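Following this message is one structure expressed as structure tokens.
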Amino acid sequence: MSANGVRPARAHASVDNLRTYLLAAARQAPDRPAVIQAAGSGLETVTYGELERRTDRIAEQLDALGLDVGDRVILEADTDADTVATFLACATVGLAFVPASPEAPDERLLTIIESAEPALHLQSLQGKRDCVPDSVGTARFGPDGLVVERAPEPRVRRRRAVTPIDTAYITFTSGTTGRPKGCVMPHRGIIAFLRGAAAEELITHEDRVASTAPFQFDFSLFDIGFTLSHGATLVPVPRARLNWPRRFLGHLNDAGVTQVDAVPSVWRPVVQHESEMLSDLGDSGTLRRIVFSGEAFPMDELRTMQKLLPKVAFTNGYGATETMAASITPVPNPLPEGVERLSIGHAVAGAEWTLVGPDGAIVDGPGVLGEIYLRTPSLFSGYWNDPEATRACVVPDPLDTASGRVVFKTGDLASMGEDGELYFHGRADSQVQIRGNRVELGEIELRVNQFDGVTGAVALVLPRADGDPQLHAFVTTADGAEPDTKELVAFCRAALPAYMIPQGVHTVGEFPLTPNGKVDRAKLSALVAS
Ligand code: ADP
């Protein structure tokens with residue numbers, strides 16, 4: 001009971017709730033492993049039954065704090081069984097958790113706290129954060145439940161039920177404005193996505209799925225949700241092991257991992273330093289599938305991986321946090337010669353998309369570039385405290401604007417193949433004007449990438465104080481040597497109009513990455529500025 005005597009809220013058993021959905025396997029087979037995780041120098045298994053017990057204990061303790069449905073809880077952690085139990089406990093009592101990284105600087109966490117106004121900050125027993133303002137309660141979580149350090153301020157409980165439209169979590173992404181943007185995800189959206197994705201039949205309860213994304217990146221929430229909803233086993237890869245190819249692969253091997261979920265950049269150092277060990281994992285080890293998402297896999301790198309892993313299936317997950325994801329597409333292994341772009345296929349079961357051309361017309365056939373509008377039950381509730389940003393991307397269905405139905409305007413450009421499948425062409429906002437001409441940076445990148453020896457390319461338009469903005473290409477090369485700039489420019493000239501020719505070519509050892517492992521374009525442009 002809370003101060004005003006209202007009972008803690010729960011979701012009715014018949015109602016979609018993440019806790020109920022993800023722990024269904026616990027009911028059927030409590031002894032099955034839910035999580036296999038690092039413990040000291042070895043591994044520890046947490047069963048579904050144990051995960052449920054930990055979840056219940058924490059849910060009870062959260063209840064006792066008197067918070068109301070919808071109150072925010074910062075969950076600062078790396079993925080492990082206790083983090084999962086804590087997030088399932090939040091789902092049980094209707095608290096919205098906000099994942100945060102233990103590696104984030106204080107200032108970044110404080111910006112999120114200022115925006116989300118959480119009731120409570122949770123970190124693991126080992127957590128080192130000590131800058132949480134007094135207005136926010138603090139507690140630590142571990143295998144034995146919560147240790148409350150500072151109780152949250154008392155709340156009025158107005159809610160009696162956790163509904164499917166209540167918020168499960170809010171992920172804060174960097175946002176180009178510098179202000180973090182909070183994506184508010186409801187229970188029903190996440191579950192609708194997971195149900196649709198299950199139709200792809202990627203895993204069964206026997207699979208062991210390695211999760212490599214940081215917990216605050218929703219890719220990890222997909223890993224957790226997708227794995228547990230199949231009654232399979234989640235294998236979180238600790239950051240410290242991820243950064244060392246040999247330890248990373250050793251962890252996969254020891255845990256008997258069958259599927260690895262990772263952004264493409266995770267594989268770069270592995271292929272470079274431990275290609276033989278990787279190859280063994282696919283050949284004589286347990287690895288049978290690699291799922292990548294977050295950005296396009298550079299084609300050269302993908303082909304190299306496939307050569308090392310001829311028996312492993314590759315899967316391309318495409319989409320944005322606002323809808324969890326959009327499509328899950330098999331990648332042929334090996335990729336046929338001449339393929340220049342990966343297919344992002346068709347939207348997952350239960351969702352559908354439409355391409356809209358620059359003139360607002362619906363794109364019906366191959367060869368025309370359009371923006372993807374996604375019709376999906378996994379639509380987010382909106383951006384936290386930002387109705388204007390929400391209105392800009394939750395828009396009337398372009399196929400039937402009178403219907404009252406809304407869709408997600410992705411900001412992603414694509415073209416259609418012969419079978420209606422889509423090919424990703426970059427962000428609509430990477431469409432730039434150069435001397436009055438509309439340019440797709442992705443088209444330039446594609447061409448530069450085809451130059452002999454180039455293994456990766458990023459094109460950027462950089463402002464200049466003393467004149468027109470300039471087009472720059474950043475490249476990585478197979479041997480780290482600079483390509484012959486004159487030849488590279490001539491190679492571009494042979495296929496691209498003059499205004500699309502890079503005026504500066506910069507070779508980098510490797511592309512700088514964002515905390516989520518995607519190419520950090522802002523850092524690249526700073527290279528030129530300095
Ligand atoms: P996610 O968490 O799914 O990576 P973000 O919201 O961080 O989502 O970024 C979404 C954007 O990342 C998409 O709109 C798209 O531009 C890009 N993206 C995601 N997955 C892919 C993919 N498989 N191929 C190409 N681009 C992708």
Side-chain angles (χ1 to χ4, degrees), residues 99 101 169-176 180-185 189-190 193-194 197 200 211-226 261-267 290-299 301-302 314-331 339-348 351 353 355 369-374 376 378-380 383-384 389 392-393 407-415 421-431 440-442 445-446 449 456 458 513-521:
S101 165
Y169 59 75
I170 309 174
T171 47
F172 278 85
T173 59
S174 58
T176 41
K181 230 176 178 186
C183 257
V184 181
M185 281 308 287
I190 302 157
F193 178 79
L194 293 173
E200 302 301 322
S211 176
T212 62
F215 181 57
Q216 83 282 356
F217 180 15
D218 77 324
F219 195 2
S220 76
L221 300 165
F222 166 77
D223 299 339
I224 298 167
F226 196 64
D261 294 5
V263 290
S265 66
V266 161
W267 296 108
I290 285 178
V291 175
F292 59 89
S293 183
E295 63 185 346
F297 213 126
M299 298 297 272
E301 293 180 16
L302 184 56
F314 286 75
T315 304
N316 183 6
Y318 155 81
T321 310
E322 286 84 344
T323 59
M324 199 137 186
S327 72
I328 295 177
T329 312
V331 180
V339 169
E340 286 182 350
R341 281 179 198 283
L342 292 182
S343 166
I344 54 168
H346 301 269
V348 288
W353 51 34
L355 277 189
L369 215 55
E371 182 176 348
I372 305 173
Y373 285 63
L374 183 66
T376 175
S378 66
L379 186 64
F380 72 144
Y383 295 111
W384 175 257
C393 65
V407 297
F408 178 58
K409 182 177 189 299
T410 61
D412 284 336
L413 298 173
S415 63
E421 80 281 15
L422 295 192
Y423 294 86
F424 178 77
H425 284 252
R427 298 276 313 159
D429 52 22
S430 74
Q431 196 174 75
E440 248 355 293
L441 292 174
E445 290 165 0
L446 193 64
N449 226 326
V458 173
L513 301 176
T514 67
N516 289 349
K518 304 196 197 190
V519 173
D520 192 333
R521 286 162 192 267

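Quantities reported herein were computed from a predicted structural model and do not represent experimental measurements. Counting starts at 1 for both ligands and their atoms, in listed order. Only heavy atoms go into these numbers, but all of them, side chains included; no hydrogens, no water, no symmetry mates.
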Practice prompt. Write out the residue and atom name of the closest protein heavy atom to atom 20 (N) of ligand 1, then the distance separating them to 0.1 Å.
Written response: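 Protein heavy atom at minimum distance: Gly294 N, 3.1 Å.
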Practice prompt. Have a look at ligand 1 and work out which part of Phe217, if any, has a heavy atom under 4.0 Å from it: side chain, backbone, both or neither.
Written response: side chain
Worksheet item: How far is atom 6 (O) of ligand 1 from its nearest protein heavy atom, and which residue and atom is that?
Response: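 Its nearest protein heavy-atom neighbour is Thr321 OG1, 2.8 Å.
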Worksheet item: To which protein heavy atom is atom 13 (C) of ligand 1 closest, and what is the distance rounded to 0.1 Å?
Response: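 Ranking protein heavy atoms by distance from atom 13 (C) of ligand 1, first comes Asp412 OD2, 3.2 Å.
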Discussion item. If I apply the N/O under 3.5 Å rule, does Thr410 come out as touching ligand 1?
Written reply: no
Practice prompt. Might you work through the salt bridge (Lys or Arg N to Asp or Glu O under 4.0 Å) test for Arg521 and Glu295, ending with a clear yes or no?
Written response: CA-CA 13 Å; Arg521 286 162 192 267; Glu295 63 185 346; over 6 Å; no
Discussion item. For Glu421, is there an ion pair with Arg341 - N to carboxylate O distance below 4.0 angstrom?
Written reply: no
Item to complete: Ignoring angles and geometry beyond distance, decide whether Phe219 reaches within less than 3.5 Å of ligand 1 through its nitrogen or oxygen atoms.
Response: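 Phe219 vs ligand 1: no N/O contact under 3.5 Å.
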Fill in: Val339, Asn449, Leu446 screened by side-chain contact (heavy atoms from CB on, under 4.5 Å) with Met299, the one that passes
Val339
Response to the item:
Any heavy atom of Asp218 under 4.0 Å from ligand 1? The part involved is side chain
Practice prompt. Quick one: sort the Tyr318 and Trp353 rings into parallel, tilted or perpendicular, breaks at 30° and 60°.
Written response: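 Perpendicular.
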Item to complete: Check each atom of ligand 1 against the heavy atoms of Lys518 and keep those under 4.0 Å away; list them by number with element.
Response: 4 (O), 5 (P), 7 (O), 8 (O), 9 (O), 10 (C), 11 (C), 12 (O)
Worksheet entry | Per-atom contacts of ligand 1 with Ala296, taking only distances under 4.0 Å to non-hydrogen atoms |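 Every atom of ligand 1 under 4.0 Å from some heavy atom of Ala296: 24 (N), 25 (C), 26 (N).
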Worksheet item: Angle class for the Phe222/Phe226 ring planes (parallel below 30°, perpendicular above 60°, tilted otherwise)?
Response: parallel
Worksheet item: Do Ser415 and His425 meet the criterion of a side-chain donor-acceptor pair at a distance under 3.5 Å?
Response: yes
Fill in: side-chain contact (heavy atoms from CB on, under 4.5 Å) assessment of Ile372 paired with Ile344
CA-CA 11 Å; Ile372 305 173; Ile344 54 168; 3.9 Å; yes
Worksheet item: Between Asn316 and ligand 1, which part of the residue brings a heavy atom under 4.0 Å of the ligand: side chain, backbone, both or neither?
Response: side chain
Worksheet item: Given the rule in the side chain to side chain donor-acceptor pair (under 3.5 Å) test, do Tyr423 and Glu340 qualify, once you have shown the distances and angles that lead to the verdict?
Response: CA-CA 10 Å; Tyr423 294 86; Glu340 286 182 350; over 6 Å; no
Item to complete: Check whether any N or O atom of Gly319, backbone or side chain, sits under 3.5 Å from an N or O atom of ligand 1, and answer yes or no.
Response: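 Yes, there is a polar N/O contact under 3.5 Å.
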Worksheet item: Applying a strict 4.0 Å limit to heavy atoms, is Phe424 in contact with ligand 1?
Response: yes
